[in-house]
Engineer: 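The following block contains the structure, expressed as structure tokens.
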Amino acid sequence: MSRNVLKVKERKDRYKVCYMPGDDSGFDMMEGALVVLLSMDLPIDWVRADLGWCMWEKSVNKFGQGDPRCNTVPPETIDKIRSSDATLMAAITSKSGVKGFKSAILQMRQLFDLYINLRPAKTLPDLGSPLKGDPKIDLVLFRENTEDLYSAVEFHPLPEEMFNLHKGMERFRKMGDVAVSWRVFSSVGCERIIRAAFEYAKSTGRTKVHCCNKANVIRETDGMMKRIFLEVAKEYEQYGIAGIEENADATAMWLIKNPQDYQVIVTSNVFGDILSDEASQLTGGLGFAPSGNIGENTAIFEPCSGSVPKYAHQYRVNPSAMLLTSKMMLEYLGLDQAGQKIEWAINEVLKENRPKTLTYDILRDFRNDPDWERNAASTIEMATAIAQKINPSLTDSTLEDIKAKAREMCDWTKTFGFED
Ligand code: IPM
Ligand code: MG
């Protein structure tokens, strides 16, 4: 049996964790998360690395526009990720239409072959679901993370020989300007994500795995996914796990109608991108949506949300997504109890509902507070409330020290990378 890739390769007394504040509000959410994490006395040595739009700008300033060394990820960051036991990453900013710009996270997924994108969607009892009847949702989505339309094999303009490759291309000849993006699936790629989903179901006592595909239309790629899924599913029948294959459009609908029927979903990259955002809305929105990019040797944990540039450095964003992402990372490192404490503490703060402990998104979208703008807590205020739940004996002066340390660790005026 191969090892469980959802856990770090080697258990240690202390771990080296690379943290990356990203861009814009990414700094705020990372600082908030660190207020909690630093107050927990974890066996972790933190190493800062930078990536994203800030690094793109730095490299363009240094090397000049158009230089091939310009990138969103500096070599120093790649080294730090490689030499750490796990990486915790906040949101980054992407800008379209910038020549040569490549998303930092997409590069990391391919470079480190982070083939699993693990995206749980779980209702917190004291937040609930915006859906009618407040269903209890606890599902985990396994999104294939390196193939499909994310393979980045694209053509525009289309070379002449591409029109001759397949008779189906004939009708596009007269259409003039044509662009093609290849949807690439490999059987190895399908099998490893499907096995990861079933192994997870087995080890967590879940009884159903859904495979969302579109094999009724996209016969070769999704057909491959479906065939391998049904084969692997047979092996897991003996453990009382049912493999159910379903059309992805039906999944999108049933997720809204009967979300509690889903336990584990395995799907390809694009469908997973869409279904995970949908699932996050059923359980609290992007302010609570964690994710992990996991491969054989490397794991990068990042929330699903964007970097909300309009709120950059205003400390408005909810720290929960970053904290639930940290929980996933702690579980990866085998620090399960610490991870569970974080989730428990977030829920306690939601339950207590004290003034100035909940960020605007919660007051506006879940608590119907007409005065949400004025009553909203800052990222750091909410993080402080969570830290105090976990550690009620935190004294004022210790807390101030921790806040100062978190602030210094996420100083956005200093970035690291592209050094000489
Ligand atoms: C996600 C995001 C990314 C993706 C973007 C930012 C490249 O939407 O992690 O879901 O498309 O995978
Ligand atoms: Mg997405």
Side-chain angles (χ1 to χ4, degrees), residues 20-27 29-30 50-56 71-73 77 81 87-98 100-121 139-154 181-185 189 193 212 248 251-252 255 265-295 298-312 317-318 320-322 324-326 328-329:
M20 310 196 289
D23 291 308
D24 295 323
S25 298
F27 280 88
M29 54 182 89
M30 182 63 83
D50 288 293
L51 85 183
W53 180 255
C54 59
M55 285 296 113
W56 175 258
N71 198 352
T72 47
V73 191
T77 295
I81 296 172
T87 295
L88 186 62
M89 168 182 168
I92 49 175
T93 302
S94 296
K95 301 202 183 182
S96 56
V98 180
F101 179 90
K102 282 199 268 168
S103 156
I105 187 62
L106 294 186
Q107 289 185 65
M108 295 304 95
R109 287 174 185 168
Q110 298 216 350
L111 179 70
F112 291 110
D113 197 21
L114 308 175
Y115 64 93
I116 301 170
N117 192 323
L118 190 61
R119 299 199 153 172
L139 66 87
V140 177
L141 195 130
F142 281 72
R143 165 188 176 191
E144 200 293 320
N145 213 19
T146 53
E147 302 193 336
D148 193 350
L149 289 169
Y150 282 73
S151 309
V153 188
E154 305 195 289
S181 305
W182 272 4
R183 185 171 197 250
V184 188
F185 281 38
I193 189 73
C212 306
T251 312
L255 261 181
I265 296 177
V266 60
T267 192
S268 52
N269 210 338
V270 175
F271 294 157
D273 182 39
I274 298 166
L275 290 173
S276 62
D277 272 20
E278 181 183 337
S280 80
Q281 288 308 306
L282 309 180
T283 54
L286 288 173
F288 290 90
S291 102
N293 302 277
I294 303 171
T298 308
I300 302 181
F301 295 86
E302 48 143 1
C304 296
S305 67
S307 62
V308 214
K310 68 175 178 188
Y311 290 159
V317 292
N318 187 339
S320 302
M322 197 72 232
L324 293 170
T325 300
S326 310
M328 288 177 73
M329 185 193 73

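Sequential numbering from 1 along the given sequence is applied to the chain's residues. Counting starts at 1 for both ligands and their atoms, in listed order.
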Engineer: For residues T72 and S103, determine if any side-chain heavy atom of one lies less than 4.5 Å from a side-chain heavy atom of the other.
Structural biologist: no

Engineer: Using distance alone, with no hydrogens and no angle criterion, decide if Q110 and T146 have a side-chain donor and acceptor under 3.5 Å apart.
Structural biologist: no

Engineer: Any side-chain heavy atom of D24 sitting closer than 4.5 Å to one from W53?
Structural biologist: no

Engineer: I want to check something: taking the side chain as every heavy atom from C-beta on, are T87 and F301 in contact at a cut-off of under 4.5 Å?
Structural biologist: no

Engineer: Do F185 and S268 come within less than 4.5 Å of each other through their side chains, counting heavy atoms only?
Structural biologist: yes

Engineer: I need the nearest protein heavy-atom contact for atom 11 (O) of ligand 1: residue, atom name and distance, please.
Structural biologist: Y150 OH, 2.5 Å

Engineer: Please confirm whether R109 comes within less than 3.5 Å of ligand 1 when only nitrogen or oxygen atoms on both sides are compared.
Structural biologist: yes

Engineer: Between S103 and ligand 1, does any nitrogen or oxygen pair lie at a separation below 3.5 Å?
Structural biologist: no

Engineer: Counting non-hydrogen protein atoms only, what is the nearest one to atom 1 (C) of ligand 1? Give residue, atom name and distance.
Structural biologist: R119 NH2, 3.3 Å

Engineer: Just to confirm my output: which protein heavy-atom neighbour is closest to atom 2 (C) of ligand 1, and how far is it?
Structural biologist: D273 OD1, 4.1 Å

Engineer: Using only atom types and a distance under 3.5 Å, with no angle test, would you say the side chain of N269 pairs donor to acceptor with the backbone of E147?
Structural biologist: yes

Engineer: Among the N/O/S atoms of D273, select the one at the shortest distance from the Mg ion (ligand 2) and name it.
Structural biologist: OD1

Engineer: For atom 5 (C) of ligand 1, is the nearest protein heavy atom under 4.0 Å away?
Structural biologist: no

Engineer: Taking only heavy atoms of R143, which atoms of ligand 1 are found under 4.0 Å from at least one of them?
Structural biologist: 1 (C), 4 (C), 9 (O), 10 (O), 11 (O), 12 (O)

